[in-house]
Amino acid sequence: MLDYKLVVIGAHFGVWLKDEVSKFIRENILLIEPVPYNYKILKEEYKGFKNIKISTNAVMDLNETRSFYFVKEKSIHALGKHWASGIGSFKK
């Protein structure tokens with residue numbers, strides 16, 4: 001198992017993480033982001049960094065598989081709230 005110096009649960013699409021990631025850029029970093037379109041942006045942003053692992057899992061206090069609900073990508077613009085892409089829940 002790797003020793004991660006930075007672990008971010010709910011990494012969103014990374015725009016607010018750049019300063020923090022830059023502090024640990026030579027260390028192992030784990031970014032956790034369950035929203036598929038945010039994950040895709042993170043993968044593209046950090047594709048050249050072998051020390052940055054990006055996980056699509058969601059984190060909860062139980063060891064089980066559940067559905068994860070989030071705002072549809074096409075709805076973000078209609079809502080007029082850019083931050084809505086960071087909303088997710090295990091409950092509808």
Side-chain angles (χ1 to χ4, degrees):
M1 178 182 278
L2 291 176
D3 180 23
Y4 291 103
K5 298 299 181 185
L6 176 65
V7 175
V8 180
I9 299 172
H12 202 214
F13 55 82
V15 69
W16 295 281
L17 294 176
K18 289 186 179 194
D19 288 341
E20 200 62 28
V21 167
S22 70
K23 294 176 189 175
F24 297 93
I25 201 64
R26 289 181 171 42
E27 305 290 342
N28 291 318
I29 297 172
L30 175 60
L31 304 177
I32 301 170
E33 178 51 53
V35 177
Y37 51 85
N38 289 336
Y39 171 80
K40 183 178 172 184
I41 293 169
L42 286 171
K43 286 296 278 187
E44 183 62 27
E45 178 72 25
Y46 296 109
K47 68 182 176 188
F49 295 90
K50 294 185 186 306
N51 62 313
I52 299 178
K53 168 121 173 83
I54 304 170
S55 170
T56 59
N57 295 333
V59 177
M60 59 189 282
D61 63 343
L62 301 171
N63 185 16
E64 65 184 33
T65 301
R66 284 197 185 173
S67 295
F68 185 77
Y69 303 94
F70 53 90
V71 178
K72 293 178 183 175
E73 185 174 19
K74 64 183 180 181
S75 299
I76 302 298
H77 182 71
L79 290 169
K81 308 291 185 198
H82 69 281
W83 47 262
S85 65
I87 296 173
S89 177
F90 292 109
K91 296 182 180 181
K92 251 184 182 176

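Note that the structure is predicted; figures quoted are calculated from it, not measured.
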Same cluster or not: are I87 and Y39 linked, directly or through other Ile, Leu, Val, Met, Phe, Trp or Tyr residues, by side-chain heavy atoms under 4.5 angstrom apart? no
Please check if the distance between the ring centroids of F90 and Y69 is under 6.0 Å. no
From CG (L17) to CD1 (I29), nearest 0.5 Å: 9.5 Å
Minimal heavy-atom distance between V8 and A11, with the atoms involved, is CG1-CA, 3.8 Å
Using 0.5 Å steps for rounding, measure from the NZ atom of K43 to the CG atom of L31. 10.5 Å
For the residue pair A84 and I76, what are the closest heavy atoms and their distance? C-CD1, 3.6 Å
How close do S85 and F13 get, counting heavy atoms only, and between which atoms? OG-CE2, 3.8 Å
Supply the atom-to-atom distance I9 CD1 to N57 CG, rounded to the nearest 0.5 angstrom. 11.0 Å
Transitively linked via ILVMFWY side-chain contacts under 4.5 Å: L62 with V59? no
What closest approach, in Å, do L42 and I54 show between heavy atoms, and which atom pair accounts for it? O-CD1, 3.4 Å
For the side chain of N51 and the backbone of I25, is there at least one donor-acceptor N/O pair under 3.5 Å apart? yes
Does Y37 form a side chain to side chain contact (heavy atoms under 4.5 Å, CB included) with V71? I'd like the steps, not just the answer. CA-CA 10 Å; Y37 51 85; V71 178; 4.3 Å; yes
Assess whether side chain to side chain contact (heavy atoms under 4.5 Å, CB included) is satisfied between Y46 and V21, documenting all intermediate values. CA-CA 10 Å; Y46 296 109; V21 167; 3.9 Å; yes
